[in-house]
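Taking it in order: structure first as structure tokens, then the write-up.
Labels below follow one simple rule: chain letters A, B, ... track the order of the sequence lines, proteins then strands, and each chain is numbered from 1.
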There are 2 protein chains.
Amino acid sequence: MVDDEVGRRRDAAATKASLLSAARELFNERGFDHTTVRDIAGLAGVNQALLFRYFGSKEALFRVAMTSQGHQLLAETPPEQLVGRMLTRMLSPDAASVKDNPIYALLRSTGNEHTAAVFRDDLGEPYRRALAALTDADDARVRADLVLAWLLGIGLLRSVLDEDHFAGVDPAQVTAHVLRAVATLLERVDQRPPPDA
Amino acid sequence: MVDDEVGRRRDAAATKASLLSAARELFNERGFDHTTVRDIAGLAGVNQALLFRYFGSKEALFRVAMTSQGHQLLAETPPEQLVGRMLTRMLSPDAASVKDNPIYALLRSTGNEHTAAVFRDDLGEPYRRALAALTDADDARVRADLVLAWLLGIGLLRSVLDEDHFAGVDPAQVTAHVLRAVATLLERVDQRPPPDA
DNA sequence: TGGGGGTGTAAGCGTGTGCTTACTTTGCCC
DNA sequence: GGGCAAAGTAAGCACACGCTTACACCCCCA
């Protein structure tokens, strides 16, 4: 699927990459439980036994697929702009930016204890810390959790409950609403519209 | 389980009620996909074939279990106090108020298209309308969606991502934060602490 | 050139699941 | 008491799933 050229078969690295890409796409679309290893291998154009050879189990593949691309956004974004950038990325009408945003895999995998733990430990915690640093209030942790909850809830409405939520609406307008309200919780949040998309 | 007295067996109404109660408890705890009909029948103390005789399918049972108790809160609460009451109910440390709050079943069932549709149509929509009525802004719908998203996100953090979120924190303090920020979106929200628990 | 390890494949094992079927038991009504 | 529909039960069907196994192939290096 990813690698259609006939030459260069028997390439373990390409096979792994193909499996990872297919896994990310399907986990984000359907969540962990409703994605089968047969689906992943099929989309990757690979025999499903290779999935287990290279990753060990479906759960292990999930962990690798979700965390490997993990923390770029967090690393490359100034904390003040974090909320704004997460919003524009989540609200983008571009399907591709949805497909590789692991937050949607989380939101569709809430029923599974193991996958929830992956996100809690590998993604939630760093974001909580980054957001908490945006205020001097002594209940910074609570305020950061509330902001994180809001971002997750917006993604939930957008992706799970109703595909059309916020659809006809200017993302910038939604972002402005949220940033204004969030500023009452975290005083150092940058309320200007985030640069680029 | 519900009906331990030995007299009065062969009571269809009691059997149905017992199945409904067990279903609510397990769906809220584990979500739709991770709850089996054998678990439900077992907790209800009933043969699983009766589940299908009385409700037709697991999905139909889910729909009935979630919507039958459905809209009391919405019906009996003045709109201005809706956000406050939902928060106190969600943040209550009381396990029972979690057990019969269908929002947690939704949050643990996001991977399943059918269950998501139940909530979108049967619960989400009325709440969206009620919240939208709390402002005169011409983008009332967007504002209402954002508030609903926040409430859902808070429930998500509380129940799915981390059992201890907001645990050591005074629920009233969290509620105050949210109500203050929400007031920038919906001008008619009552910011006073909600009456009773 | 000919093993041997890395790569790919087909088939299937074991289990859990939603749901069905064929049957037994109970209690009510004439 | 006898008949009968409603209530309850045991067993299992059919299938999808995660994962394993036994085998075929191909390239590389001694």
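Ion pair R129(A)/E125(A) flagged as a salt bridge, since at least one NZ, NE, NH1 or NH2 atom sits closer than 4.0 Å to an Asp/Glu carboxylate oxygen. Ion pair R108(A)/D33(A) not flagged as a salt bridge, since none of the NZ, NE, NH1 or NH2 atoms sits closer than 4.0 Å to an Asp/Glu carboxylate oxygen.
Between the C1' atom of dA16(D) and the CG atom of D33(A) lies a distance of 14 Å, rounded to the nearest Å. Going from atom NE2 of H34(A) over to atom P of dG18(C) covers 11 Å, rounded to whole Å. Look at CD1 on I40(A): it is 8 Å from P on dG18(D), rounded to the nearest Å. Between the NE2 atom of H114(A) and the C1' atom of dG18(D) there is a distance of 14 Å, rounded to whole Å.
The residue among T15(B) and D39(A) whose nearest nucleotide of DNA chain D is located toward the 5' end is T15(B).
R24(B) meets the salt bridge (Lys or Arg N to Asp or Glu O under 4.0 Å) test with no other residue; sequence neighbours excluded.
One side chain, D39(A) or T36(A), offers a donor N or O that lies under 3.5 Å from an acceptor on the other.
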Considering only distance and modelled atom types, tabulate donor-acceptor pairs under 3.5 Å from the side chains of residues 173-183 of chain A, sequence neighbours left out.
{"from": "Q173(A)", "atom 1": "NE2", "to": "D139(B)", "atom 2": "OD2", "distance (Å)": "2.8"}
{"from": "T175(A)", "atom 1": "OG1", "to": "P171(A)", "atom 2": "O", "distance (Å)": "2.8"}
{"from": "H177(A)", "atom 1": "ND1", "to": "R180(A)", "atom 2": "NH2", "distance (Å)": "2.9"}
{"from": "H177(A)", "atom 1": "NE2", "to": "D139(B)", "atom 2": "OD2", "distance (Å)": "2.6"}
{"from": "R180(A)", "atom 1": "NH1", "to": "T184(B)", "atom 2": "O", "distance (Å)": "3.3"}

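For DNA chain D, the residues of residues 47-59 of chain B within the heavy-atom distance limit of 4.0 Å (strictly under) are N47(B), Q48(B), A49(B), L50(B), R53(B), Y54(B), sorted by number.
Here the CH2-CE distance, from W150(A) to M86(A), works out to 14.0 Å after rounding to the nearest 0.5 Å.
Contact of R38(B) with dG16(C) (side chain to base): no donor-acceptor pair of N or O atoms is detected under 3.5 Å.
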